[in-house]
Amino acid sequence: MTIKVMLVDDHLIVRQGLRQVLGDADDLAVVADAADGVQALQRARQLMDAADGPGLDVVMLDIAMPGRDGLEVLKQLKAEYPKLAVLMLSTYPDKQFAVRCLRAGASGYLNKSADPDEMVMALRKAAAGGIYLTASVAEALATSLSEVRDQPAHETLSRREHQVFLLLAEGRSVGQIAELLSLSPNTVSTYRARILDKTGTRNDVELALYAVRQQLVSIV
């Protein structure tokens with residue numbers, strides 16, 4: 001079975017080079033390419049939603065692109081097509097982005113300087129539903145998991161989630177928080193759901209008690 005691949009990189013010479021590398025593998029076929037995130041999403045949808053689809057098995061996606069960056073495109077692709085494999089390509093060190101990409105649903109993370117045979121192997125594994133990890137990425141992932149285990153739950157919150165968390169713990173309503181932060185109530189409700197999930201609490205009362213135990217707010 002031929003593995004259908006889409007290449008996404010803002011440099012034409014990189015896309016041409018990848019086409020040449022992958023063209024030497026009999027079981028791989030580059031069916032599309034894109035120069036930015038918007039094009040990538042459009043072409044992925046065309047291939048995945050075609051009447052005789054899916055016409056796409058793996059996306060090779062650059063992280064650094066103009067407009068919508070690769071991480072954002074990865075999250076959108078996985079939201080729309082959870083079974084579509086996405087293999088990230090980057091010139092950045094593995095420790096800088098690899099773990100974030102894997103957590104967002106990537107099937108692997110490769111440096112653009114990787115050996116062509118390794119790229120082909122990674123594509124085959126991703127297309128088969130696996131996750132391709134280099135030794136350095138596996139080490140970064142293990143380190144990240146160890147750090148998360150040692151972290152209090154609230155330290156895993158994003159900056160905005162932390163803002164909403166503290167306001168909820170102070171007894172503010174969703175509407176009040178929306179007004180204070182210039183957000184829509186629906187957006188605040190989404191943040192609230194994420195915060196409850198990350199802190200392992202079930203409602204605002206438990207969340208407030210958690211904040212008190214962690215000495216983040218004081219009892220009035």
Side-chain angles (χ1 to χ4, degrees), residues 1-12 14-19 21-22 25 27-92 94-112 114 118-134 137-138 140-141 144 158 160-161 186-187 190-191 193-194 197-198:
M1 183 180 294
T2 301
I3 298 170
K4 296 177 283 293
V5 181
M6 179 169 74
L7 306 175
V8 185
D9 194 289
D10 57 318
H11 294 99
L12 176 60
V14 173
R15 300 199 304 275
Q16 290 175 333
L18 289 171
R19 274 185 179 273
V21 166
L22 303 184
D27 59 338
L28 299 176
V30 177
V31 296
D33 64 35
D36 57 43
V38 173
Q39 282 186 3
L41 291 170
Q42 289 174 342
R43 290 175 185 175
R45 288 164 183 153
Q46 289 169 355
L47 291 164
M48 295 298 290
D49 298 338
D52 57 348
L56 184 61
D57 299 307
V58 187
V59 178
M60 290 192 80
L61 177 61
D62 184 24
I63 286 183
M65 293 188 298
R68 303 187 71 172
D69 66 29
L71 192 58
E72 185 181 354
V73 175
L74 165 65
K75 292 176 181 177
Q76 187 66 41
L77 285 172
K78 296 304 291 186
E80 295 184 30
Y81 309 105
K83 293 183 180 180
L84 177 61
V86 182
L87 188 64
M88 304 302 291
L89 285 175
S90 178
T91 56
Y92 297 113
D94 296 345
K95 292 181 180 180
Q96 191 167 346
F97 283 105
V99 173
R100 289 174 63 190
C101 289
L102 292 169
R103 285 178 174 166
S107 298
Y109 183 98
L110 282 176
N111 196 283
K112 289 182 182 179
E118 185 176 25
M119 288 189 177
V120 170
M121 186 164 46
L123 280 167
R124 288 171 178 160
K125 186 161 188 178
I131 297 176
Y132 185 83
L133 298 177
T134 63
V137 169
L141 185 60
S144 172
S158 69
R160 182 65 90 180
E161 287 170 349
N186 284 342
T187 299
T190 298
Y191 281 128
R194 290 180 193 166
D197 180 59
K198 289 183 179 181

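Note that the numbering runs from 1 along the sequence shown for the chain.
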Would you indicate whether the side-chain heavy atoms of [Y] and [X] approach each other to under 4.5 Å?
X	Y	answer
Asp36	Asp10	no
Ile63	Leu71	no
Val8	Asp62	no
Asp69	Glu72	yes
Leu47	Lys4	no
Leu7	Leu22	yes
Val137	Leu102	yes
Leu89	Met119	yes

Quiz item: Is the backbone of Ala114 close enough, under 3.5 Å, to the side chain of Asn111 for a donor and an acceptor to pair up by distance?
Solution: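 No; zero donor-acceptor contacts below 3.5 Å.
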Quiz item: Counting distance only, does the side-chain N/O of Lys125 pair as donor-acceptor with the main-chain N or O of Val120 below 3.5 Å?
Solution: no
Practice problem: Could you walk me through whether Tyr81 and Arg45 pass side chain to side chain contact (heavy atoms under 4.5 Å, CB included), step by step? | Solution: CA-CA 9 Å; Tyr81 309 105; Arg45 288 164 183 153; 3.3 Å; yes
If you look at every heavy atom in [X] and [Y], which pair is closest and at what distance?
X	Y	answer
Ala29	Thr2	CB-CG2, 3.5 Å
Ala122	Leu110	CB-CD1, 3.7 Å
Ser158	Lys198	N-NZ, 4.4 Å
Ala32	Arg19	C-NH2, 4.2 Å
Ser107	Ala126	CB-CB, 3.7 Å
Gly105	Lys78	O-CE, 3.5 Å

Quiz item: Should Arg43 and Leu56 be marked as a side chain to side chain contact (heavy atoms under 4.5 Å, CB included) after you check the CA-CA gap, both sets of side-chain angles, and the distance that decides it?
Solution: CA-CA 10 Å; Arg43 290 175 185 175; Leu56 184 61; over 6 Å; no
Self-check item: Separation between OH of Tyr191 and CZ of Arg160, rounded to the nearest 0.5 Å
Solution: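 Going from OH on Tyr191 over to CZ on Arg160, the span is 6.0 Å.
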Practice problem: Go through the steps for Lys112 and Asp9 under the test side chain to side chain contact (heavy atoms under 4.5 Å, CB included), then give the verdict. | Solution: CA-CA 11 Å; Lys112 289 182 182 179; Asp9 194 289; 2.6 Å; yes
Exercise. Apply side chain to side chain contact (heavy atoms under 4.5 Å, CB included) to Leu123 and Val5, showing your working.
Key: CA-CA 8 Å; Leu123 280 167; Val5 181; 4.3 Å; yes
